Amino acid sequence: MTAYLDNSATTMPCDECVDAVTNMLKNKWGNPSSLHRLGIDAMTEVIGARSAIAESLGVKSEEIIFTSGGTEANNLAIFGAVKARKRLGSRIVTTAIEHESVLQSVQELEKQGFEAIWLKPDKQGNITKEQLFDAVNRDTILVSMMYINNEVGTIMPVESIKRAVKRADSPALIHIDCVQAYGKTSINAKKLGADLITVSAHKIHGPKGVGALYVNKEANLTDQNFARTFGGEQEKKIRPGTESAPLIAGFGAAVNALPAIVEQRNHITELNTYARQKLAEIEGICFNNDEDTSPYIINIYIPTFMRSQTILQELSANYNIYVSNGSACAKGKKSHVLTAMGLDDETLDKSIRISFSRYNTKEDIDLLVNALKELIIKHPRS
């Protein structure tokens, strides 16, 4: 039996996605920019996917730009926003627990002379709206924050960003990385006051290699703000080049296949509660996130002499159980999220992330719990 519990890294493509991609590759493989029937058929699918994503965010279709994924969308958003507002200030407000694509982008801007304010979390990964209000001032040109943290599931104070910017009379653009929140919680760009929103297909049972960036039309951002690649008219010149119509169609199909958010959340919450109860029965296990975080993610310390990477390998090789020790993009490096939370080296070295999707069951959790019990008995903490 197999238990896949690494859904924050990637999700299994749903049948609707696979069918859509296959149909595009077999029957609608024309270049979407071509004016003949095959091209028009491909473009029709691209338009349909763009519309589905726009509707899910409560925005207009023309405000959606397709990218290669969340990392590229985050890069476009951050560098584009700063380029557009650099004459109005130099401060960027973000957090110390963002995805690497945000962290490294802001670090690069620091090297270029911009001031970065890194909001620090508490030991449960929480960042408060008070921290946000204290950080945003009239010199702030960008606030970039994820909606849900990808390692510990913290729900960030994104709904307070607009008020913080308004209170400070700041010219800041607002970017929200919704990669871990999309499809799991209700997102309305206008209510959030977001100028830029990042989403990705492979976190919602779509294909890898495609994401999207919402760009608020009223923010008056132009293609010249974003342009880092040249050579075509596609995606409003923000991301020129032939669109990957099969992946985009798969993205749209995955969006259309999403179950009702409340219904899905109830299922995941039930799994989360069950998992916490079962894991708590194992002596020595500690939870690195509390029950107020997203129910899709549990982060735990394992009381064994093995480091987390070895735990993952043991679970994979001997039990067909798949979890992670943090962001997949970090490639096994020590978690910057748990580090920023101030957790000790022992916890940093021996923690794993369990992340759920709508396809998980209580049987998956039972397999994990039984496997962890065996591993701890075989390899006890010295």
Side-chain angles (χ1 to χ4, degrees), residues 6-11 13 49 53 57 64-83 92 94-112 116 118 142-152 156 158 173-184 187 194-215 221 225-229 234-236 238-244 246-248 250-251 254-255 297 324-333 335-337 340 353 355:
D6 193 20
N7 292 282
S8 287
T10 198
T11 54
I53 295 162
L57 296 174
I64 298 296
I65 303 297
F66 286 115
T67 69
S68 63
T71 291
E72 184 186 17
N74 281 341
N75 273 257
L76 287 173
I78 290 167
F79 287 104
V82 167
K83 186 176 180 181
I92 301 164
T94 187
T95 82
I97 57 174
E98 296 299 308
H99 186 268
E100 292 281 354
S101 58
V102 171
L103 285 180
Q104 293 184 27
S105 294
V106 176
Q107 287 167 354
E108 173 59 30
L109 288 166
E110 277 189 300
K111 294 176 185 176
Q112 297 177 21
W118 302 92
L142 171 66
V143 179
S144 180
M145 185 180 290
M146 53 172 45
Y147 199 129
I148 293 175
N149 182 263
N150 57 314
E151 292 193 32
V152 293
M156 310 291 271
V158 292
L173 292 171
I174 298 170
H175 168 238
I176 303 177
D177 177 354
C178 288
V179 167
Q180 293 295 338
Y182 188 53
K184 301 170 185 175
I187 299 170
D195 299 296
L196 301 147
I197 287 178
T198 297
V199 296
S200 183
H202 75 107
K203 309 295 188 181
I204 61 162
H205 305 284
K208 297 170 190 63
V210 61
L213 177 66
Y214 156 70
V215 181
L221 288 159
N225 301 134
F226 295 100
R228 303 178 74 190
T229 307
Q234 295 92 342
E235 300 306 299
K236 298 186 176 180
I238 291 174
R239 189 175 187 266
T242 302
E243 298 96 337
S244 180
L247 298 183
I248 291 171
F251 192 178
V255 172
I297 297 172
S324 72
N325 61 336
S327 171
C329 295
K331 293 284 188 181
K333 290 192 299 182
S335 166
H336 73 274
V337 174
R353 178 186 67 184
S355 48

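We count residues from 1, following the sequence as given. These numbers come from a predicted model, not from an experiment.
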Peer 1: Nearest 0.5 Å, what's the OG1-CD1 distance between T198 and I65?
Peer 2: 12.0 Å

Peer 1: Can you find a heavy atom in the side chain of Y182 that is under 4.5 Å from one in the side chain of I197?
Peer 2: no

Peer 1: Between L57 and I64, is the side-chain contact (heavy atoms from CB on, under 4.5 Å) condition met? List the steps.
Peer 2: CA-CA 10 Å; L57 296 174; I64 298 296; 4.1 Å; yes

Peer 1: Between I92 and E110, does the side-chain contact (heavy atoms from CB on, under 4.5 Å) criterion hold? Intermediate values first, please.
Peer 2: CA-CA 9 Å; I92 301 164; E110 277 189 300; over 6 Å; no

Peer 1: State, without any angle test, whether E108 and Q104 hold a side-chain donor-acceptor pair at a distance under 3.5 Å.
Peer 2: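 Note: E108 and Q104 side chains miss the donor-acceptor criterion.
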
Peer 1: From I176 CD1 over to D195 CG, what is the distance, rounded to the nearest 0.5 angstrom?
Peer 2: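 Atom-to-atom, I176:CD1 and D195:CG are 9.0 Å apart.
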
Peer 1: Mind listing the closest non-hydrogen atom pair of L103 and A96 along with its distance?
Peer 2: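 Heavy atoms only, the tightest pair is CD2-O, 4.2 Å.
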
Peer 1: Identify the heavy atoms of L213 and A73 that sit nearest to each other, and give their distance.
Peer 2: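 Closest approach of L213 to A73: CD1-O, 3.8 Å.
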
Peer 1: Any side-chain heavy atom of I297 within less than 4.5 Å of one from R353?
Peer 2: yes

Peer 1: Could you verify whether a donor N or O on one side chain and an acceptor N or O on the other, from N75 and S105, lie under 3.5 Å apart?
Peer 2: yes

Peer 1: I want to check something: taking the side chain as every heavy atom from C-beta on, are N149 and Q180 in contact at a cut-off of under 4.5 Å?
Peer 2: no

Peer 1: Within a strict 4.5 Å, meaning less than it, do heavy atoms of the V199 and Y214 side chains meet?
Peer 2: no

Peer 1: Check for a donor-acceptor pair, side chain of K203 on one end and backbone N or O of N7 on the other, with a separation under 3.5 Å.
Peer 2: no

Peer 1: Is the shortest side-chain heavy-atom distance between W118 and Q107 below 4.5 Å?
Peer 2: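 They are in contact (side-chain heavy atoms under 4.5 Å apart), so the answer is yes.
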
Peer 1: Please check if any side-chain donor atom of T95 sits under 3.5 Å from a side-chain acceptor atom of E98, or the reverse.
Peer 2: yes

Peer 1: Specify the closest pair of heavy atoms between L196 and A77, including all atoms of both residues, with the distance to one decimal.
Peer 2: CD1-O, 3.8 Å

Peer 1: Compare all side-chain heavy atoms of V179 with those of N150 and state whether any distance is below 4.5 angstrom.
Peer 2: no

Peer 1: Which heavy atom in M146 sits nearest to a heavy atom in H99, and how many Å separate them?
Peer 2: CE-N, 3.3 Å

Peer 1: For the residue pair S8 and S355, what are the closest heavy atoms and their distance?
Peer 2: N-OG, 2.8 Å

Peer 1: For the atom pair NE2 (H175) and CD1 (I78), what is the distance rounded to the nearest 0.5 Å?
Peer 2: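 The NE2 atom of H175 sits 6.0 Å away from the CD1 atom of I78.
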
Peer 1: I'd like to check D177 versus Y147 (side-chain heavy atoms, cut-off strictly below 4.5 Å). Are they in contact?
Peer 2: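 Side-chain contact under 4.5 Å: no.
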
Peer 1: Is there a side-chain contact between I97 and M156 in this structure, where contact means two heavy atoms from C-beta onward sitting under 4.5 Å apart?
Peer 2: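 Yes, close enough: below the 4.5 Å cut-off.
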
Peer 1: Just how far is it from atom OG1 of T10 to atom NE2 of H202, taken to the nearest 0.5 Å?
Peer 2: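 Atom-to-atom, T10:OG1 and H202:NE2 are 5.0 Å apart.
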
Peer 1: Quick one, L221 with L173, criterion side-chain contact (heavy atoms from CB on, under 4.5 Å). Give me CA distance, side-chain angles, the key distance, then yes/no.
Peer 2: CA-CA 10 Å; L221 288 159; L173 292 171; 3.8 Å; yes

Peer 1: Kindly give the heavy-atom pair with the smallest separation between G206 and T11, and that separation in Å.
Peer 2: N-OG1, 4.3 Å

